[in-house]
Number of protein chains: 2
Amino acid sequence: MDKIDLQILQILQKKARIPNVEVARTIGMAPSAVLERIKKLEASGVIQGYEVRLNADMFHRAMVAFIEITVSDPVDFPEIGDALAAIDQVQEVHYLAGQDCLMIKLRVKDNRELESLLLTRINNIQAVSSTRTRIALSTFKESAKIAIDITS
Amino acid sequence: MDKIDLQILQILQKKARIPNVEVARTIGMAPSAVLERIKKLEASGVIQGYEVRLNADMFHRAMVAFIEITVSDPVDFPEIGDALAAIDQVQEVHYLAGQDCLMIKLRVKDNRELESLLLTRINNIQAVSSTRTRIALSTFKESAKIAIDITS
DNA sequence: TATGAAAGACCTAGACT
DNA sequence: AGTCTAGGTCTTTCATA
């Protein structure tokens, strides 16, 4: 990965769904060269995919919550992690260091749906011993972007 | 937003950087009609953007952490939220209900960078009274996807 | 690895339904 | 809102440097 690759990624991070030639023009290269580089970045796993960012409010997912889920037996983490990951409303599942717990981020319609998930999909998992829910009232920033420093 | 729009969004959520005609073929419509719909979805704010998902490990951002930041004076939230959002390594900033605190998600290279951020960018903010850091050891799921139910 | 050429695919505006 | 058409643009492979 050289500076040109970083430039390409920086452009795609701003707007992934643009023509190849536009990327090529921006960095002053032939489209075929840019295509080859992007393909290599995809093949090597640097680029993991291209996503649309949708407005959650318009899909009954206005409410963001984080839940810390404490588990009685750490051996069960993989199964529980997968079970939580399988819930549509759950966007993230992380295994946290030092406290025998998982952190999940989810988006639901409202309190009612949150309660329902807690009761029927989370607290009813055998090994789950407790949960601690934090609800977000507003969001200042939410992005998967990684700052790319070309000079490095 | 009708079922056709939902179908289009479902396709774009799988892979945003695909030709318009391919979307059109998949749902059995003329490309121009699909183009028009996508433009409307963009204009109305349903589609907020198109992102590349990069492999964080390859950009010195292997470590994920969540920090709860307690603030002495709730009046200061907007400024602190913006200050935190301005940090490159910070991917999310949420204002939490009920505990006078902010939740941030960040990606850093290692413990050293995390410590440096805590000392020089977070704890040195006047109104910040305490922080509670949780480090993710592994991640089961991490996505901004919203499940789209076509039948609805 | 880059360019340039060329064939084929795609985009998109506009006429029309 | 959709289809169809058509010119212009973009993609992608390949020969070449």
Side-chain angles (χ1 to χ4, degrees), chain A residues 1-61 144-152, chain B residues 1-61 144-152:
Chain A
M1 263 209 304
D2 58 9
K3 286 190 185 183
I4 295 172
D5 284 333
L6 295 176
Q7 271 185 282
I8 291 171
L9 294 173
Q10 211 170 48
I11 292 165
L12 290 179
Q13 264 203 148
K14 268 190 222 138
K15 195 172 188 317
R17 203 175 146 74
I18 57 165
N20 222 341
V21 269
E22 202 174 320
V23 179
R25 275 193 296 258
T26 308
I27 64 173
M29 275 176 77
S32 50
V34 171
L35 176 68
E36 183 125 328
R37 277 173 176 273
I38 291 178
K39 276 188 176 171
K40 274 183 193 163
L41 289 166
E42 287 169 358
S44 67
V46 174
I47 293 176
Q48 297 183 318
Y50 303 95
E51 291 180 1
V52 200
R53 175 73 64 165
L54 299 180
N55 185 341
D57 296 0
M58 294 177 176
F59 295 88
H60 307 299
R61 292 278 198 282
K145 278 204 186 102
I146 290 173
I148 295 177
D149 183 11
I150 302 272
T151 61
S152 71
Chain B
M1 265 211 299
D2 57 11
K3 285 190 187 183
I4 296 172
D5 283 334
L6 295 177
Q7 271 186 282
I8 292 170
L9 294 174
Q10 213 171 46
I11 293 164
L12 290 179
Q13 263 202 148
K14 267 191 223 137
K15 193 171 188 321
R17 204 175 144 75
I18 57 164
N20 220 342
V21 269
E22 202 174 321
V23 180
R25 273 193 298 258
T26 308
I27 64 174
M29 274 176 77
S32 52
V34 172
L35 177 69
E36 183 127 330
R37 277 172 177 272
I38 291 178
K39 276 188 176 174
K40 275 184 193 164
L41 290 167
E42 288 170 356
S44 66
V46 174
I47 291 177
Q48 296 183 321
Y50 303 95
E51 292 180 2
V52 201
R53 174 73 62 166
L54 299 180
N55 185 340
D57 296 359
M58 293 178 177
F59 294 89
H60 309 299
R61 292 276 200 282
K145 277 203 187 106
I146 291 172
I148 295 177
D149 182 13
I150 302 273
T151 61
S152 70

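Chain letters run A, B, ... following the sequence lines, proteins first and then strands; every chain starts at 1.
Comparing A:R17 and A:M29 by the nucleotide of DNA chain C whose heavy atom lies nearest to each, the residue mapping closer to the 5' end is A:M29.
The only option from A:Q10, A:R37, A:K40 that meets the side-chain hydrogen bond (donor to acceptor under 3.5 Å, both in side chains) definition with A:D5 turns out to be A:R37.
Proximity note for A:K40 (side chain, C-beta onward) versus C:dT1, D:dT12, C:dC10: the nearest is C:dT1. Considering only the side chain of A:A30, C:dT3 comes nearest among D:dG2, C:dT3, D:dT11. Considering only side-chain atoms of A:A33, the nucleotide from C:dA13, D:dG2, C:dA2 that sits closest is C:dA2.
Here the side chain of B:R17 pairs a donor or acceptor atom with the backbone of A:I18 at under 3.5 angstrom. Panel note: side chain B:N20, backbone B:V23; no donor-acceptor pair is recorded below 3.5 Å. Using modelled atom types, one side-chain atom of A:Q13 and one backbone atom of A:I146 make a donor-acceptor pair closer than 3.5 Å.
No hydrogens or angles considered: a donor-acceptor pair under 3.5 Å links the side chains of A:Y50 and A:E42.
Atom pair B:E22:CD and C:dC11:C1' shows a separation of 15 Å (rounding to whole Å applied). Rounded to an integer number of Å, the gap from CZ of A:R25 to P of C:dT3 is 15 Å. Rounded to whole Å, atom P of C:dA2 lies 6 Å from atom CD1 of A:I4. Between the CD atom of A:E36 and the P atom of C:dT3 there is a distance of 11 Å, given to the nearest Å. Between the CZ atom of A:R37 and the C1' atom of D:dT11 there is a distance of 18 Å, rounded to whole Å. Rounded to a whole Å, the CG atom of B:N20 is 11 Å from the P atom of C:dA13. For the pair A:I27 CD1 and C:dA2 P, the computed distance is 9 Å after rounding to whole Å. When the C1' atom of D:dT11 is taken as reference, atom CD1 of B:I18 falls 15 Å away, rounded to whole Å.
Under 3.5 Å, the side chain of B:S32 and the base of D:dG2 form no donor-acceptor pair of N or O atoms.
In this structure, B:K39 does not reach the C:dT12 phosphate: none of its side-chain N or O atoms is under 4.0 Å from OP1 or OP2.
The residue A:P19 sits close only to the backbone: its heavy atoms come under 4.0 Å of sugar-phosphate atoms, none of a base.
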Intermediate values then yes/no, side chain to side chain contact (heavy atoms under 4.5 Å, CB included), B:M29 and B:I4 = CA-CA 10 Å; B:M29 274 176 77; B:I4 296 172; 3.6 Å; yes
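For the segment residues 7-16 of chain A, the set of residues with a heavy atom within less than 4.0 Å of an atom of DNA chain C is empty.
The neighbour count for B:K15 NZ, taken as heavy atoms of other residues, nucleotides or ligands under 6.0 Å away, is above 12.
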